[in-house]
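Just below is one structure, and these are the notes that go with it.
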2 protein chains.
Amino acid sequence: MSSSISGKITQMLLDMLEQDGTTEIRRNDLAQSLGCVPSQINYVISSRFTPERGYIVESRRGGGGYVKITRVSLDFPTAIMHAVNSVGPSIDPLTARSCIMNLLAGDIIDRDAASLIAAALDENALRPIPYEYRDTARASILKQMLLAYSNNRKG
Amino acid sequence: MSSSISGKITQMLLDMLEQDGTTEIRRNDLAQSLGCVPSQINYVISSRFTPERGYIVESRRGGGGYVKITRVSLDFPTAIMHAVNSVGPSIDPLTARSCIMNLLAGDIIDRDAASLIAAALDENALRPIPYEYRDTARASILKQMLLAYSNNRKG
DNA sequence: TAAACTCAAAAGTCAGGGAAAGTCAAACGA
DNA sequence: TCGTTTGACTTTCCCTGACTTTTGAGTTTA
């Protein structure tokens with residue numbers, strides 16, 4: 001994973017977010033220090049730090065430009081509902097995975113639950129399903145599990 | 001057995017797993033070093049490193065891709081593994097439910113896990129899947145989840 | 001002096017090429 | 001026969017660079 005440059009960038013951003021859930025970078029400087037082209041930073045951000053995965057990204061061009069990433073953290077019911085609502089009718093494996101990881105990082109779900117949910121949503125588990133139905137099945141299963149988890153916390 | 005190329009691949013993977021129960025390979029490199037086509041690695045993995053035998057397989061395509069195999073820890077797994085093996089390639093909702101209940105009653109899994117697994121296997125969750133594939137999907141998901149649970153119970 | 005006009009410095013967009021694993025069905029062999 | 005072997009084709013993900021857009025600052029102009 002972190003053998004790829006994108007993996008390194010991701011890890012670096014996650015490390016920076018670890019502090020207080022927010023980080024501000026200069027795109028060109030970061031690219032320079034990592035030995036990649038600037039646009040790869042955009043690739044990483046747009047593929048991994050999406051709203052759907054629990055991040056908001058702000059930026060500004062021109063002189064003194066910046067890119068700012070913030071991890072949204074919510075209380076339990078809100079976070080679960082937000083996750084359920086943001087999933088939509090279909091979700092791909094990677095997005096599902098980081099959705100789970102984000103809930104885990106925000107202490108919304110515990111490690112055991114994260115592991116179980118991840119297993120249920122993994123491509124391997126869903127392999128018997130024809131390709132065209134997999135992502136919709138994944139979304140449905142994810143929502144059901146999150147709701148079940150939510151119900152369990154109350155009762 | 002090990003006169004066949006598949007046998008050699010199997011042995012090699014087992015050796016690599018010997019260390020700490022997990023190994024990460026580059027499919028093309030391994031195929032290269034063993035003098036076989038890459039897709040034969042898939043054949044070996046899908047025929048020998050199955051959930052029934054206690055293995056979890058993860059992978060990723062594209063640049064920096066990998067295949068990771070994890071042997072589930074055999075701490076007190078016999079009950080779990082027995083359940084995995086008794087499921088078969090397909091399972092209906094009622095049988096799945098009683099399987100979960102049995103594991104719960106026998107203190108093999110805890111209440112939270114039972115609830116999550118039940119949610120994932122519920123007809124509602126699997127509704128987007130065409131009827132003919134639902135039971136096989138359910139079986140696959142169940143096995144993957146049990147394996148993940150078992151794997152987590154080691155720490 | 002204030003509005004308008006450069007200009008360079010940032011970030012964004014996009015399409016294409018490449019790398020790696022997955023799929024599948026046909027051929028093969030003990 | 002049934003498990004093995006193969007390779008053509010697909011899918012996913014990564015990386016790059018050329019081009020565009022936005023912004024702030026400094027400069028010019030009425």
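Throughout, protein chains are lettered first and strands after them, A, B, ... in sequence-line order, and every chain is numbered starting at 1. Please read these numbers as outputs of a predicted model, since none were measured by experiment.
Residue A:Val87 is not grouped with residue A:Val72 when hydrophobic side chains (ILVMFWY) are merged at heavy-atom distances under 4.5 angstrom, including chains of intermediate members.
The two residues B:Ala139 and B:Gly88 make their nearest non-hydrogen contact at CB-O, 3.7 Å. The heavy-atom pair separating A:Phe76 from A:Ser150 by the smallest distance is CZ-CA, 3.9 Å. B:Met81 approaches B:Arg53 most closely through the heavy-atom pair CE-C, 4.1 Å.
Proximity of B:Arg48 to the phosphate of D:dT4: a side-chain N or O atom is located under 4.0 Å from OP1 or OP2. Listed pair A:Gln40 / D:dC14 fails the phosphate criterion, with no side-chain N or O lying under 4.0 Å from OP1 or OP2. Contact between the side-chain N/O atoms of A:Ser4 and the OP1/OP2 oxygens of D:dC13 is not found at any separation under 4.0 Å. Not one side-chain nitrogen or oxygen of A:Ser47 sits closer than 4.0 Å to the OP1 or OP2 atom of D:dC13. Between D:dG24 and A:Arg60, a contact under 4.0 Å exists linking OP1 or OP2 to a side-chain N or O. Taking side-chain N and O atoms only, A:Arg61 has no distance below 4.0 Å to OP1 or OP2 of C:dA9. B:Asn28 has a side-chain polar atom (N or O) that falls below the 4.0 Å cut-off from OP1 or OP2 of C:dA21.
In the set D:dT4, C:dA21, C:dA11, the nucleotide with an atom closest to the side chain of B:Tyr43 is D:dT4. Comparing D:dT6, D:dT4, C:dA20 against the side chain of B:Cys36 picks out D:dT6 as the nearest. Out of C:dG12, D:dT6, D:dT4, the shortest distance to the side chain of B:Val37 is found at D:dT6.
You'll find a donor-acceptor pair under 3.5 Å spanning the side chain of A:Ser39 and the base of D:dG17, going by distance alone.
No donor-acceptor contact under 3.5 angstrom links the side chains of B:Gln32 and B:Asn28, judged on distance only.
Separating the CD1 atom of B:Ile69 from the P atom of C:dA21 is a distance of 12 Å, rounded to the nearest angstrom. One atom, CG of A:Leu126, and another, P of C:dG22, lie 16 Å apart when rounded to the nearest Å. Whole-Å rounding puts the B:Arg27 CZ to D:dC13 P distance at 15 Å. What separates CD of A:Gln32 from P of D:dT16 is a distance of 13 Å, to the nearest Å. Separating the CD1 atom of B:Ile41 from the C1' atom of C:dT23 is a distance of 16 Å, rounded to the nearest angstrom. What separates CD1 of A:Ile5 from P of D:dG17 is a distance of 11 Å, to the nearest Å. Look at CD on B:Glu24: it is 10 Å from P on C:dA21, rounded to the nearest Å. A:Ile25 has its CD1 atom 12 Å from the C1' atom of C:dA10, to the nearest Å.
The existence of a salt bridge linking A:Glu123 and A:Arg138 is confirmed by a sub-4.0 Å separation between a basic side-chain nitrogen and an acidic carboxylate oxygen.
Across all strands, A:Gly62 comes closer than 4.0 Å to base atoms (heavy-atom distances). Contacts of A:Leu94 with the nucleic acid, taken as non-hydrogen atoms under 4.0 Å apart, involve only primed sugar atoms and P, OP1 or OP2.
Each of B:Glu58 and A:Asn42 has a nearest nucleotide on DNA chain C; the 5'-most of these lies closest to A:Asn42. Both B:Ile9 and B:Gly63 lie near DNA chain D, and the one whose nearest nucleotide falls closer to the 5' end is B:Ile9.
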